[in-house]
Colleague: 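Quick one: structure below, then a few questions.
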Amino acid sequence: MSLPNSENASTLENAMQLMIQTFHKYSGDEGDKFTLSRAELKELLITELGNYLGNAQDKTAVDKIMGDLDSNGDGEVDFTEFIILVGALTVACNDFFLEYNDKPEKKK
Ligand SMILES: [Ca+2]
Ligand SMILES: [Ca+2]
């Protein structure tokens with residue numbers, strides 16, 4: 001598999017590459033370069049998902065997200081575990097989008 005260069009990549013391909021790059025931007029800070037420690041996860045949540053997750057400053061919120069994501073229980077969030085969070089949030093956003101776009105029609 002070869003990654004297309006960004007000039008001829010589609011919007012979705014670019015979005016996928018950005019998810020990969022974003023993960024690695026934080027995962028390389030400490031310990032294992034390819035997994036997120038609790039501190040790296042917290043930094044990513046605050047910096048990249050602050051608008052969606054709001055209170056990730058809250059320690060218990062980070063602990064809960066970490067616990068939910070770390071499905072293999074190694075205390076680190078790998079890319080597969082991370083992408084489940086992004087996927088779940090994207091589904092939630094889509095539900096919100098559909099609901100929001102539905103409302104004016106229902107009133108008719
Ligand atoms: Ca790491
Ligand atoms: Ca894990």
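Position 1 is the first residue of the sequence, and the numbers go up from there. Model, not experiment: these values are computed from the prediction. Every number for a ligand or one of its atoms is a count from 1 in the order of the listing.
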Colleague: If you link I, L, V, M, F, W and Y whenever their side-chain heavy atoms are under 4.5 Å apart, who else ends up in the same group as L98?
Modeller: F97

Colleague: Between E40 (side chain only) and D29 (backbone N and O only), is there a donor and an acceptor less than 3.5 Å apart?
Modeller: yes

Colleague: Can you tell me if E30 and S37 form a side-chain donor-acceptor pair at under 3.5 Å?
Modeller: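 Side-chain D/A pair, E30 to S37: present.
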
Colleague: With respect to the Ca ion (ligand 2), please indicate if N72 possesses an N, O or S atom at a distance under 3.0 Å.
Modeller: yes

Colleague: At the Ca ion (ligand 2), what's the angle from E81 OE1 to D70 OD1, rounded to 10 degrees?
Modeller: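 Output for this angle: 110°, rounded to tens.
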
Colleague: Using modelled atom types and a 3.5 Å cut-off, is there a donor and acceptor pairing between side-chain atoms of T35 and backbone atoms of V77?
Modeller: no

Colleague: Which pair of heavy atoms, one from T22 and one from L18, lies closest together, and at what distance?
Modeller: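 Closest heavy-atom pair between T22 and L18: OG1-O, 2.6 Å.
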
Colleague: So that I can check it, does any N, O or S atom in D74 come closer than 3.0 Å to the Ca ion (ligand 2)?
Modeller: yes

Colleague: Locate the shortest heavy-atom distance separating M19 from F79; write the atom from each residue and the value.
Modeller: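 So the minimum-distance heavy-atom pair works out to O-CE1, 3.9 Å.
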
Colleague: Under the side-chain contact (heavy atoms from CB on, under 4.5 Å) rule, what do F23 and V86 come out as? Steps first, then yes or no, please.
Modeller: CA-CA 11 Å; F23 177 86; V86 176; over 6 Å; no

Colleague: Report the protein N/O/S neighbours of the Ca ion (ligand 1) that fall below 3.0 Å; do not count waters.
Modeller: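 Only S27 O, E30 O, D32 O, T35 O, E40 OE1, E40 OE2 fall inside 3.0 Å of the Ca ion (ligand 1).
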
